[in-house]
Amino acid sequence: MELAVLLALLGAARALSTCRSLDLEAARRKRIEAVRGQILSKLRLAAPPAETPPRPPLPEDVRALYNSTRELLRQRARLRPPEDPDEYYAKELHRFPMEPPGEGPLERWRPTSHSTFFVFNTSRVRAELGRAALLHRAELRMLRQRAGAESLGLEQRLELYQGFGNASWRYLHGRSLRATAEEEWLWFEVTDVVQQWLSGSEPLGIFKLSLHCPCEQGPGVADTLRITIEGFEQQRGDMQGIAQKHRRVPYVLVMALPPDRANELHSPRRRRALDAEYCFG
């Protein structure tokens, strides 16, 4: 009898109850939609913007220039501040890679045990820059490769020379380098040399990176160049084309103003705008 009464009361209580189970997933979706609506309202948008298509990949030469410049800037602890108010006025960057060694007339410029030669097509430089271009700075850049176990820690004094058509050489720079297990981008300023290329008519421009020979060693006695530069490796067969595509060859980086912008920069109106001491009378 008592059991029957309890069951009756339980059924009545269920009939009178208005509680419903809470759907957490539905509540989460409603909250997300509410936040989404608030964001669109703040941005004054009726719907989210369409997705932009992926950008095409960068050309290989642009990517190589960016990577080498970034690595080189990391190696420079400090950069000189601009000395000129026109330091970066509309300048353009031009990259001129080294000619492949050992082909045709370049056969004589193959690397030796003592020197490495860098050959550039100066006709292309004149054609791309123009003889009237305002040259600001030029650098010869090259990648020093990782040293082998037999050369690790070895320090050598290297010297850079400019070559002329009469088989003479002019000393440009010198520095001491240590062979390490890491690659390193090296650079030499060659602004004066590129300026000579622009004003000259020689078809080729030559640089020579040689090991310093102390006078006390005597003639004909020279150590072996242990610092290796990427871009001179010789591959055979089908691997040669692939290696040349991915090889980080030495190049000359030029910062210059084209002739039309150079004329604008040096116009009387432009000079007055840049001259803080200019007096209008």
Side-chain angles (χ1 to χ4, degrees), residues 6-97 128-130 133-134 136-139 141 143 182-185 187 242 245-248 251 253-276 278 280:
L6 289 176
L7 292 176
L9 292 176
L10 181 59
R14 287 181 176 179
L16 295 176
S17 176
T18 59
C19 296
R20 297 179 181 178
S21 60
L22 180 61
D23 190 344
L24 296 179
E25 182 63 23
R28 186 182 69 85
R29 288 197 298 267
K30 289 183 179 180
R31 180 59 180 168
I32 292 176
E33 289 297 323
V35 173
R36 176 175 173 273
Q38 292 176 1
I39 294 175
L40 293 176
S41 176
K42 292 289 184 181
L43 298 177
R44 297 181 181 180
L45 296 176
E51 295 184 2
T52 57
R55 296 182 179 180
L58 290 175
E60 188 64 29
D61 56 344
V62 176
R63 186 185 302 274
L65 176 61
Y66 170 78
N67 291 335
S68 62
T69 302
R70 182 183 61 179
E71 295 177 17
L72 182 60
L73 290 178
R74 287 177 177 176
Q75 295 170 13
R76 298 182 185 180
R78 298 178 181 177
L79 296 177
R80 294 184 301 175
E83 302 175 357
D84 185 341
D86 302 322
E87 183 75 15
Y88 298 103
Y89 174 74
K91 291 181 175 62
E92 294 181 350
L93 286 177
H94 301 265
R95 180 178 181 269
F96 301 99
E128 184 168 332
L129 295 180
L134 182 60
H136 173 67
R137 184 179 177 85
E139 295 180 357
R141 297 184 176 183
L143 182 65
E182 294 80 25
E183 297 178 339
E184 179 185 9
W185 279 99
W187 65 275
I242 300 176
K245 182 178 179 180
H246 298 283
R247 187 180 297 165
R248 294 167 291 184
Y251 63 92
L253 183 67
V254 177
M255 181 184 295
L257 277 176
D260 53 343
R261 296 182 186 176
N263 294 334
E264 178 186 350
L265 177 62
H266 290 93
S267 64
R269 179 177 297 179
R270 177 65 184 171
R271 288 199 300 269
R272 287 198 298 267
L274 293 176
D275 191 356
Y278 184 84
F280 288 90

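Everything quoted here is computed from the prediction, not taken from an experiment.
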(message) Tell me the closest heavy-atom pair linking A138 and V254, and the distance in Å.
(response) CB-CG2, 4.1 Å
(request) First locate atom CZ of R31, then atom CG of L24, and finally report the distance between them rounded to the nearest 0.5 Å. (result) 15.0 Å
(request) Identify the heavy atoms of R137 and W187 that sit nearest to each other, and give their distance. (result) NH2-CZ3, 3.1 Å
(request) Using a 4.5 Å cut-off on heavy atoms from C-beta on, say whether the side chain of E33 contacts that of R36. (result) yes
(message) To the closest 0.5 Å, what do you measure between CG (L253) and NE2 (H94)?
(response) 9.5 Å
